[in-house]
Amino acid sequence: MSSPQRKRAKSEPADVQKVADKTSKPLKVPEEKMPTKKKAKGTAPRRKSSTKASTIEEERTGTQKNVYTYWLMKSEPESRLENGVDMKFGIEDLKGQPNQTACWDGVRNYQARNFMKDMKIGQEAFFYHSNCKEPGIAGIMKIVKEAYVDHTQFAKKDAHYDPTSQQENPKWFMVDVQFVRMTKRFISLAELKRYYQEQAATGGPLKNIALFTRSRLSVQPLTKEEYEFILSLEDVKT
DNA sequence: GCCAACGTTGGC
DNA sequence: GCCAACGTTGGC
């Protein structure tokens, strides 16, 4: 599982996080077994992803340092129970939080986590509605706190409790996000897919977009070009 | 380190 | 509700 959970209001957990920050012994954080993305069976060879240079390793893992400065984060706007907990957290829910801010907890996928660790204060992210009637981009938020320990991994009653994670060496992290605005119109997955398919064939800013090339990731990076192209769709009449 | 079995994501 | 895609686990 890995879909972000019920995000929490920004005030409640403030205490839990000292745990990992300053442990006395610098225990070697095993930069975790990043699931080395071995070439998926039967998939077309990954092509080079943009004008920016990338290392072999970056290319292999599909990550590039310092290239992505925009993000897309998925959350479910409709009720669905997981371990008895309602997963619903749409953009309206974010808007309704104190300070319109929430922590993006519940991410349980290493790639998604690592992207969150790369996030910097002030960077913008699309709020994407997933697993719902109309999947797509509903709004824009920004990073207001960089990665810190996701306390829900230690909470037995949490939908995303991780019994394998230890206090001294937490596996999972989250960021805080703040609502910025709704997009001028809802930009559906179906619409984005049409652009993607066209541009994958003939070229264009969305030709490698993670939303389709790595569709199951719940936290995805966007290049500036991808982000700006999608933003330009706001003014396209449909 | 390989890979089959299993589990999850998330569109349809 | 189905199921393709793909991440994770564990036996060997």
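Residue numbers begin at 1 in each chain, while the letters A, B, ... track the order of the sequences.
- Checked against side chain to side chain donor-acceptor pair (under 3.5 Å), A:E228 has the following partners two or more places apart in sequence or in another chain: A:K224.
- Within 4.0 Å (heavy atoms only), A:K193 reaches sugar-phosphate atoms of the nucleic acid but no base atom.
- Residue A:Y110 contributes atom OH, which lies 15 Å from atom P of B:dT8 at whole-angstrom precision.
- One can place CH2 of A:W172 at 11 Å from C1' of C:dG7, the figure rounded to the nearest angstrom.
- Under the 3.5 Å distance criterion, with hydrogens and angles disregarded, a donor-acceptor pair is assigned to the side chains of A:T152 and A:R108.
- Looking at the side chain of A:N109, the nearest of the listed nucleotides B:dG11, C:dG7, B:dG10 is C:dG7.
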If you restrict it to nitrogen or oxygen atoms, what contacts under 3.5 Å exist between nucleotides 3-5 of chain C and the protein, and what is each distance?
| from | atom 1 | to | atom 2 | distance (Å) |
| --- | --- | --- | --- | --- |
| C:dA5 | N3 | A:R216 | NH1 | 3.3 |

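- Taking only side-chain atoms of A:L189, from C-beta outward, the nucleotide of C:dT8, B:dG11, B:dG10 with the closest atom is B:dG11.
- In this structure, A:Q178 contributes its side chain and A:N99 its backbone to a donor-acceptor pair below 3.5 Å.
- Between the CG atom of A:L211 and the P atom of B:dC12 there is a distance of 10 Å, given to the nearest Å.
- One atom, NZ of A:K133, and another, C1' of B:dG10, lie 16 Å apart when rounded to the nearest Å.
- Residues in residues 181-197 of chain A take part in these side-chain hydrogen bond (donor to acceptor under 3.5 Å, both in side chains) pairs, two or more places apart or across chains: A:R181-A:E234, A:K184-A:D235, A:R185-A:E191.
- Nucleotide C:dT9 holds its C1' atom 14 Å from the CG atom of A:D162, rounded to whole Å.
- As a whole-Å value, the separation of A:E78 CD from B:dG10 C1' is 12 Å.
- Relative ring orientation between A:F186 and A:H129 is described as tilted, the plane-to-plane angle lying within the 30° to 60° band.
- Atom NZ of A:K171 is separated from atom P of C:dT8 by 10 Å (rounded to the nearest Å).
- Atom pair A:R108:CZ and C:dC6:C1' shows a separation of 20 Å (rounding to whole Å applied).
- Residues A:D86 and A:S79 bring a donor and an acceptor atom of their side chains to less than 3.5 Å of each other.
- Residue contacts for A:F212: at a heavy-atom cut-off of 4.0 Å it reaches no nucleic acid atom on any strand shown.
- Under the 30°/60° scheme for interplanar angles, the aromatic rings of A:F127 and A:F89 are found to lie parallel.
- Under 4.0 angstrom from either OP1 or OP2 of B:dG11 there lies at least one side-chain N or O belonging to A:Y128.
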